[in-house]
There are 2 protein chains.
Amino acid sequence: MSVRIDALDRKILVELQRDASQSLDVIAGNVGSSKTPVWNRIRKLREAGVIGKQTVILDAESLGFEACFFVLIRTSEHEADWQGAFLKALQDRPEVQEAHRLAGDIDYILKVRVKNARAYDAFYQALISEVRVHNVTALLSMEEIKSTTDLPLEG
Amino acid sequence: MSVRIDALDRKILVELQRDASQSLDVIAGNVGSSKTPVWNRIRKLREAGVIGKQTVILDAESLGFEACFFVLIRTSEHEADWQGAFLKALQDRPEVQEAHRLAGDIDYILKVRVKNARAYDAFYQALISEVRVHNVTALLSMEEIKSTTDLPLEG
DNA sequence: TTTGAAAGTGCGCGGAC
DNA sequence: GTCCGCGCACTTTCAAA
């Protein structure tokens with residue numbers, strides 16, 4: 001399962017994170033190697049699942065997504081079937097961009113991206129009608145100070 | 001500044017989000033158009049900043065990033081220079097994947113991705129030595145249930 | 001605004017080293 | 001393993017409808 005990843009692999013990943021549209025030649029130049037080895041390594045990293053999907057980052061605001069909420073959820077239910085239903089509800093809702101199960105007091109945190117506060121309310125009503133949750137706190141983002149998908153691979 | 005985005009643009013954006021490595025021909029086929037118009041629209045959307053950077057999503061766990069924290073921050077300082085210093089501190093730290101200024105009780109939320117709990121502590125100590133914060137709560141993620149960068153453009 | 005075609009570029013794979 | 005080179009597919013441009 002675990003993959004051996006050396007310094008050259010990491011350099012390649014850094015380049016791909018930075019700009020996945022770069023040509024093989026350019027990447028090879030930037031990491032101090034040449035096409036074929038770089039290409040083979042990328043292929044292996046893809047097969048191993050280290051490299052996931054290739055995508056573009058869209059500007060949420062230009063597309064009318066002007067509200068972003070972090071939702072803190074406490075529940076009293078901890079059985080497997082409840083958890084399954086909750087998980088499925090989250091997977092099915094595209095406005096949920098992130099969902100984590102937490103350790104401690106709060107059980108789950110969600111990041112929900114919607115067009116406006118009304119759309120959030122619609123999401124919230126739909127969610128609590130599908131699964132029982134004990135307590136919900138919504139934190140409204142006023143400003144996205146930073147947002148990146150890059151992992152700090154240099155360390 | 002604002003861009004008019006029609007149904008065809010949205011279809012193209014959906015395709016790009018789904019898989020940015022698709023060839024123009026394939027995208028054109030999927031959205032019911034042909035190469036050149038699709039290409040021109042993509043160019044305009046890029047220039048308008050609607051389409052941001054093209055990247056790959058890497059698997060955090062295979063790369064040794066096994067801890068993810070959501071950090072809730074309260075501060076008593078609200079002056080511009082403090083905010084500037086805080087903002088810069090966050091921008092400079094690559095382990096901070098997201099940072100939002102919030103409305104209400106809690107002032108900021110961060111998403112911090114690190115190799116382990118010790119690395120989080122190092123981050124935390126470094127942060128509070130740079131800027132004064134009143135109160136910090138860290139929520140430890142046990143499981144990433146869902147994670148996507150896709151915006152729900154169909155709605 | 002779309003179509004089609006033409007030129008340039010990069011990929012993916014074969015070899016040899 | 002890395003380097004080199006070829007065929008093919010792709011991107012990007014530019015006419016013309």
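Please read these numbers as outputs of a predicted model, since none were measured by experiment. In what follows, every chain begins at residue 1, and chains take the letters A, B, ... in the order their sequences are listed.
- Computed from coordinates, the Arg46(A) CZ to dC11(C) C1' distance equals 12 Å when rounded to whole Å.
- Going from atom CG of Leu8(B) over to atom P of dT2(C) covers 7 Å, rounded to whole Å.
- Take Phe65(A) and apply the ring pair (Phe, Tyr, Trp, His ring centres under 6.0 Å) test, not counting sequence neighbours, and it matches no residue.
- The aromatic rings of Phe70(B) and His100(A) lie perpendicular to each other, with more than 60° between the two planes, well past the 30° mark.
- To the nearest angstrom, P of dC10(D) lies 18 Å from CG of Asp25(A).
- In the set dT2(D), dC11(C), dT2(C), dT2(C) carries the atom at the smallest distance from any side-chain atom of Pro37(B).
- Taking all atoms of both residues into account, the shortest heavy-atom contact from Leu102(A) to Ser141(B) is CD2-CA, 3.8 Å.
- With rounding to whole Å, Leu24(A) atom CG is found 9 Å from dG12(C) atom C1'.
- Within a 6.0 Å radius of CZ in Arg74(A), other residues, nucleotides and ligands contribute more than 12 heavy atoms.
- Below the 3.5 angstrom threshold, one finds no donor paired with an acceptor across the side chain of Thr36(A) and the base of dG12(C).
- In the set dT11(D), dT12(D), dG1(D), dT12(D) carries the atom at the smallest distance from any side-chain atom of Trp39(B).
- Counting to the nearest Å, the P atom of dC10(D) and the CD1 atom of Ile42(B) are 15 Å from each other.
- Set against dT2(D), dT13(D), dG10(C), the side chain of Arg43(B) has dT13(D) as its closest nucleotide.
- Judged by atom type and distance alone, Lys35(A) does not reach the base of dG10(C) through any side-chain donor-acceptor pair under 3.5 Å.
- Using modelled atom types and a 3.5 Å distance limit, the side chains of Ser21(B) and Asp19(B) yield a donor-acceptor pair.
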- Task: For side-chain contact (heavy atoms from CB on, under 4.5 Å), just list the numbers for Asp6(A) and Asp9(A), CA-CA rounded to whole Å, side-chain angles, deciding distance to a tenth of an Å, and then say yes or no.
- Result: CA-CA 5 Å; Asp6(A) 64 12; Asp9(A) 289 322; 3.1 Å; yes
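- Atom P of nucleotide dC11(C) and atom CD of Gln22(B) are separated by 17 Å, given to the nearest angstrom.
- Note: CG (Asn40(A)) to P (dG14(C)) measures 11 Å, nearest angstrom.
- Closest approach of Leu151(B) and Gln17(B) over heavy atoms only: N-OE1, 2.7 Å.
- Over its full length, the helix from dT1(C)-dA17(D) to dC13(C)-dG5(D) turns its helical axis through 20°, comparing axes from the five pairs at each end and rounding to 10°.
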